[in-house]
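Before any comments, here is the structure.
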Amino acid sequence: MEKIMVEKSPPLRGNVRVSGAKNSALPILAASLLGTEDIILEDVPRLKDVEVICEVLTSLGAKVEFLDRETIKINSSNIKNYETPYELMSKMRASFLVMGPLLTRIGKTKTSLPGGCAIGTRPIDLHLKGFRALGAEIDVDHGNIGAYADKLVGDRIYLDFPSVGATENIMMAATMAEGETIIDNAAMEPEIVDLANFLNKLGADIKGAGTSSIRIKGVEKLGGTTHSIIPDRIEAGTFMVAAAITKGDVVVENTISSHIKPVIAKLREVGCEIYENGDKIRVIGPDNLKATDIKTLPYPGFPTDMQAQFMALMSVCNGTSVVIETVFENRFMHVDELKRMGADIKIDGKSAIIQGVDELAGAPVKATDLRAGAALVLAGLVANGVTEIENIYHIDRGYSNIEEKFRNLGAIIYRK
Ligand code: EPZ
């Protein structure tokens, strides 16, 4: 099995351009099932997860064509199939996002229950609560789940937790439901706004995306459009932390700084100088990294997808840091791997207490999810010796050509 090898590297210097956001591209690709004319998506990150959802769209009867490395053309005018193959669903939970579009476009959808994953059980009760509220019949048997409705009718739906996926699935299902749907306690992530903007360009009528209350008025039909995916705020944050941990000087390009305010604030607390200039963010890491605390929250709070990367940084800050993970119930799988490298971390329920150490030591480690994999790369950049990272398919799911981007900044990183 291929590994990513990371050696102790000099302070990172230079410019790096962030790709389009994985967590915007995946729901927007799913939403392309709603279109009846050509859809062109630009700035789509070239990731394994994108390839999987394109296979799902093709299996449903959509025509999917890569016009170039980051541009995809989709035509869903003739989708006929409504069942998502198990082998594709089991590869990626986000395939579940095709249910809302299929339910409203053809009135039926069937797939296998999404697997859990390393970061938690990942239930779908809120997705189903929304589908039922819109009038769908749901049936679950032998690990498969089906939803059926001759016609969806708008309703008011309260999300017990501002779930990103549930907000997206219900919003997509409501685009062609009869009447008006309101989603209360909706997720407010930038990726929700990007999806709503895309759907409105197809002809949907959605207002309030980005707030906790989204109003969708059903329309008869959705057409086609050209849309560019927003930059990946988590990839941007990952490279910003790389500049901090290596005490480097890095300019991250193609960013929207208002999407990563908590990460900017926390990097300033550990002592970084940060300069925002248009779509560029320059991060200069300090000689003395100071401990700080983070608590992950739904947007606009500190993003859970940056928790592992920040924990790698805290492992070498001076002092004691505390991380509280409130979004997922089991997102500390990277702690054991960081401890193999000499980090001093104790877990207490939803909290992790990190005592900064002077040095980390390279070691063979395993990526347990895509952000944990990124955290191990960051730790490897400053650890003495070589860090060998296994299970790198996790990293490839969320970061396109990660080694090349890090090597261009001076990192010693390669695949073996
Ligand atoms: C999205 O996952 C992202 N994935 C995740 O990014 C991200 O961590 C997460 O949102 C939170 O921001 C994509 O967008 C493809 P949720 P999603 O539904 O939609 C509970 C990455 O690293 N919940 O907001 O699955 C759930 O158990 C990935 O790029 C229910 O209880 O996240 C979890 O504790 C990892 N019932 C919490 O909500 C439901 O029906 C957040 O889940 C749905 C969710």
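Indexing begins at 1, ligand by ligand and atom by atom, following the structure's order.
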Query raised in the report: Looking at Arg371, which atoms of ligand 1 are within less than 4.0 Å of one of its heavy atoms?
Result: 21 (C), 22 (O), 29 (O)
Query - Selected option - heavy-atom contact closest to atom 3 (C) of ligand 1, from Leu26, Asp160, Leu195, Asn23 - result: Asn23
Query raised in the report: At a 4.0 Å threshold, what atoms of ligand 1 neighbour a non-hydrogen atom of Gly165?
Result: 18 (O), 19 (O)
Query raised in the report: Is the number of heavy atoms from other residues, nucleotides or ligands under 6.0 Å of Lys129 NZ greater than 12?
Result: yes
Requested in this report: Evaluate whether atom NZ of Lys366 has more than 12 neighbouring non-hydrogen atoms of other residues, nucleotides or ligands under 6.0 angstrom away.
Outcome: no
Query raised in the report: Between Asp125 and ligand 1, which part of the residue brings a heavy atom under 4.0 Å of the ligand: side chain, backbone, both or neither?
Result: both
**Report entry** Enclosure of Lys151 NZ (heavy-atom neighbours >12, cutoff 6.0 Å)
**Finding:** yes
**Report entry** Arg415 and Glu403 ion-paired at < 4.0 Å
**Finding:** yes
Requested in this report: Could you name the option among Ala94, Ala25, Gly130, Pro123 that has the heavy atom nearest to atom 23 (N) of ligand 1?
Outcome: Pro123
**Report entry** Glu189 side chain to His259 side chain, donor-acceptor N/O pair below 3.5 angstrom
**Finding:** no
Query raised in the report: Above 12 or not: heavy atoms from other molecules or residues under 6.0 Å from NZ of Lys108?
Result: no
Query raised in the report: Any N or O of Lys22 that comes nearer than 3.5 Å to an N or O of ligand 1?
Result: yes
Query raised in the report: Quick one: does ligand 1 sit under 4.0 Å from the side chain of Glu191, the backbone, both or neither, non-hydrogen atoms only?
Result: neither
**Report entry** CZ/Phe66: more than 12 non-hydrogen atoms of other groups inside 6.0 Å
**Finding:** yes
Query raised in the report: Do Arg331 and Thr304 have side-chain N/O donor and acceptor atoms under 3.5 Å apart?
Result: yes
**Report entry** Between Ser351 and Asp348, a side-chain donor and acceptor under 3.5 Å
**Finding:** no
**Report entry** Atoms in ligand 1 flagged as close to Arg331, the criterion being non-hydrogen separation under 4.0 Å
**Finding:** 8 (O), 22 (O), 35 (C)
Query raised in the report: Any idea which atoms of ligand 1 are less than 4.0 Å away from a heavy-atom of His127?
Result: 40 (O)
Report task. Could you tell me if any non-hydrogen atom of Arg93 lies under 4.0 Å from any atom of ligand 1? Result -> yes
Report task. Please state which part of Asp305 comes within less than 4.0 Å of ligand 1, counting heavy atoms only: side chain, backbone, both or neither. Result -> side chain
Query raised in the report: Hey, is ligand 1 close enough to Leu370 that some N/O pair sits below 3.5 Å?
Result: no
Query raised in the report: Is any N or O atom of Glu168, backbone or side chain, closer than 3.5 Å to an N or O atom of ligand 1?
Result: no
Query raised in the report: Counting each atom of ligand 1 from 1 as listed, which ones have a heavy atom of Leu126 under 4.0 Å away?
Result: 36 (N), 39 (C), 40 (O)
Report summary line: For Phe161, the atoms of ligand 1 under 4.0 Å from one of its heavy atoms are 37 (C), 38 (O), 41 (C)
Query - Pair Lys22 + Glu235: basic N to acidic O under 4.0 Å - result: no
Report summary line: At under 4.0 Å between heavy atoms, what of Met92 touches ligand 1? The answer is neither
Query raised in the report: When only distance counts, is Val327 in polar contact with ligand 1, meaning an N/O pair under 3.5 Å?
Result: yes
Query raised in the report: So Phe96 and His127, would you call those rings parallel, tilted or perpendicular, with 30° and 60° as cut-offs?
Result: perpendicular
